[in-house]
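As structure tokens, the structure follows; a few thoughts come after it.
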2 protein chains.
Amino acid sequence: MNSSSAKPRKPGHAATLADVGRAAGVSAMAASAVLNGARTSARISDETRERILEAARQLNYRPNATARALTSRRMNTLGLATTLKREELNQYFLEVFSGVMEAGAELGQNTTVFALEDWHRQAARIPAFCDGRIDGLILLAPQLDEQEAQRLPDHTPILSIHSNVLIPGVINLEPDDEAGAQAMVTRLLGMGHRRILHLAGPEHSLGARRRVQGYLRAHALAGLAPPPDYVVDGEFTADSGRRRLEQWLDQHRGEELPQAIFAGNDSMAIGCLDVLVARGLQVPQQISLVGFDDTQLARSARLATVRQPLRDLGQRAARLLVASVDAKLGEGPAPDITNVVLPTELVDGATLGAPRSASLLIR
Amino acid sequence: MNSSSAKPRKPGHAATLADVGRAAGVSAMAASAVLNGARTSARISDETRERILEAARQLNYRPNATARALTSRRMNTLGLATTLKREELNQYFLEVFSGVMEAGAELGQNTTVFALEDWHRQAARIPAFCDGRIDGLILLAPQLDEQEAQRLPDHTPILSIHSNVLIPGVINLEPDDEAGAQAMVTRLLGMGHRRILHLAGPEHSLGARRRVQGYLRAHALAGLAPPPDYVVDGEFTADSGRRRLEQWLDQHRGEELPQAIFAGNDSMAIGCLDVLVARGLQVPQQISLVGFDDTQLARSARLATVRQPLRDLGQRAARLLVASVDAKLGEGPAPDITNVVLPTELVDGATLGAPRSASLLIR
DNA sequence: GTGAAAGCGCTAACAG
DNA sequence: CTGTTAGCGCTTTCAC
């Protein structure tokens, strides 16, 4: 047996454990024991161990992750499922993703992203993600109905962020949408704003609905009622913000211009800003504009907004999910949490000012 | 043998091929053949096939990706390695990533992201990514020296975007940095700007250096020379843009204010904008500001910038990489491309205007 | 101290 | 047409 010559593999093949063993003149599992620092390795002679380590170094040995996963039932990879539109980058995703990556990396986890075009249309793809390539799955702002939620696989730990429905057995993390919206609108009202247009997110988004509730409650608590038709549904994208505001302004031509716009999220606010600038309206002198989320867009546009702790949400999600995975593999206690609601806070910006005193009509 | 009863597995285990076979009263490989639609399956009786399909449906069978990968040597997953700073989200990454996801998804590929803190310090981690969990790796704006490049594993196809060095055997995609910078500066000069401060990216970034070259060449071609100390190195982050500009302005107090700032990328430009606004300077009436990249930040801040086709870069990367993977597995020809340079284009914005006529001193 | 054997879930190449 | 066998690379258990 040519056990001495470490035969060079043609490029295209990684060295295997057997290769290392062969090169070191030992069995593959002796190599395995040494390279894993397993307790078995204590019972291997120092000389042999050295030879094995040297051979591994020479051959540039890297354990194959898929083979390892097959036995350990673990890939050390987290999945993050989200909708990513072709047209517009999702800043909300980027913030959460970055938190997941960060906390995941600290726990030795990689992150794989699954992009869905639409939760309802593609819900059937979710079980396919849980085919062993990831150990746990984070659903980012999923919109599933009861039925779809029931069909989620139960052999892979799942966690949702900002979910539309509470899914049994699935931890959910979310910001306090209603309180955040209420605080922002209360602030606007406190500054004297009375005609506050709310460009809301989509009808089917629970978070969007809660922000509307906050908007309404702030008014109610102040003993006020928003003007009629002052809540408009949109899509959580800049393009939607742009189009909906245009449309609304066209429909309300000749009426008094709102004193402020409270957009359902930062992207929509950016879309609104485009429209206002295009119409030559001065922000915030003639009209104030605030968003929701506190993504980087808000910071770059100097937008006043409601901060939700997106990065923190992502970090917590990763940590809780890893704990769930550990628990499933019998390596720790399962997190005894089901639903976490994180607080929001108001963020100042250049787009928020006192309401104008003069009357200004939409044209 | 209790071959008839599909014994319900305790949750926590996915159904295996053997389970399906057992439930259908056939062998695992009969099940495999049917479920893969392999040509072998043509030779299985319709009745058996039905039973197998039914059992699979009942058990909610999903083939295990890691087991499959072990034989097929393919995970259908692309890796994307990048630096992600804790403090600041990388918009450049988001754009490219989104292109990779998009084109990858069309080819049935998932995307796993690997975050490095620093290319040099963590270059040694790269081979570990290529341990079978991904089929090919994209290096996003890597900064490797010759030695580190040599140590890249050769058993996994690798492709770089905007690489610092041309790595043998690694396809590289990049924008035409120099031409883009030159075009922008030529435009500024054409509008009458003469004192154009260039806040460049880091010294060790080839892209940043090329942008400086473009800046200088534009001047040279116009028969002009930039004022002394008008090229300043920075870090490609908003924070760096902020700090470096502050610093520079402090050092040049009492001198004439630049007429324009050409930032090395959009993030830096946003940082500059913060400083200018904080100092009460009007953009673009008193000073123009332009960036580079055309990320979403530019759009939200209405920043004039140089567009590099980041998304397209990502898409091409994914397609070329998949082709390389196919080729490696003997399923197609290898792409015969080594280096692709994509054109840039100028993007208008609200931060670019004619140079002020009045003199204005830094204070 | 070290090696042999079995198995993770799947597929491919054979026999029956 | 169907079942058996072997093996992908690794780990774990158990003899030696």
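Computation of the quantities below employed the complete heavy-atom set of this structure, encompassing side-chain atoms and omitting hydrogens, waters and symmetry-equivalent molecules. All chains are named by letter (A, B, ...) in the order of the sequence lines, taking the proteins before the strands, and each is independently numbered beginning at 1.
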- Using a strict 4.0 Å threshold on nitrogen-to-oxygen distance, state whether A:Arg151 and A:Asp145 make a salt bridge. no
- Query: How long is the span from the OG1 atom in A:Thr156 to the CZ atom in B:Arg62, to the nearest 0.5 Å?
  - Reply: 11.5 Å
- CA sep, side-chain torsions, deciding dist, call: B:Arg74, B:Asp326, salt bridge (charged side-chain N to carboxylate O under 4.0 Å, His left out): CA-CA 10 Å; B:Arg74 183 149 198 174; B:Asp326 287 344; 2.7 Å; yes
Would you tabulate the side-chain donor-acceptor contacts of residues 124-132 of chain A under 3.5 Å, counting partners in other chains and residues two or more places apart, or write 'none'?
residue, atom, partner, partner atom, Å
A:Arg125, NH1, A:Ala115, O, 3.2
A:Arg125, NH1, A:Gln122, OE1, 3.2
A:Asp131, OD1, A:Arg133, N, 3.3
A:Asp131, OD1, A:Arg133, NE, 3.0
A:Asp131, OD2, A:Arg133, NE, 3.4
A:Asp131, OD2, A:Arg133, NH2, 3.1

- With sequence neighbours left out, the residues meeting salt bridge (Lys or Arg N to Asp or Glu O under 4.0 Å) with A:Glu54 are A:Arg57
- Please work out which of the three classes, parallel, tilted or perpendicular, describes the rings of B:Phe97 and A:Phe93, given edges at 30° and 60°. parallel
- Message: For D:dC1 and B:Thr48 - does any side-chain N or O of the residue sit under 4.0 Å from the phosphate oxygens OP1/OP2?
- Response: no
- Task: Round to a whole Å and report the spacing from CD1 of B:Ile52 to P of D:dC1.
- Result: 14 Å
- Whole-Å gap separating P (C:dG9) and CE (A:Met75): 15 Å
Under-3.5 Å N/O pairs linking protein and nucleotides 9-11 of chain D:
residue, atom, partner, partner atom, Å
D:dG9, OP1, B:Arg73, NH2, 2.4
D:dG9, N2, A:Ala67, O, 3.4
D:dC10, OP1, A:Tyr61, OH, 2.7
D:dC10, OP1, A:Asn64, N, 3.1
D:dC10, OP2, A:Thr16, OG1, 2.9
D:dC10, OP2, A:Leu17, N, 2.4
D:dT11, OP1, A:Asn36, ND2, 3.1
D:dT11, OP1, A:Arg68, NE, 2.9
D:dT11, OP1, A:Arg68, NH2, 3.1
D:dT11, OP2, A:Ser32, OG, 2.8
D:dT11, OP2, A:Asn36, ND2, 3.2

- Message: Nearest whole Å is fine: how far is C:dC8 P from B:Asp19 CG?
- Response: 11 Å
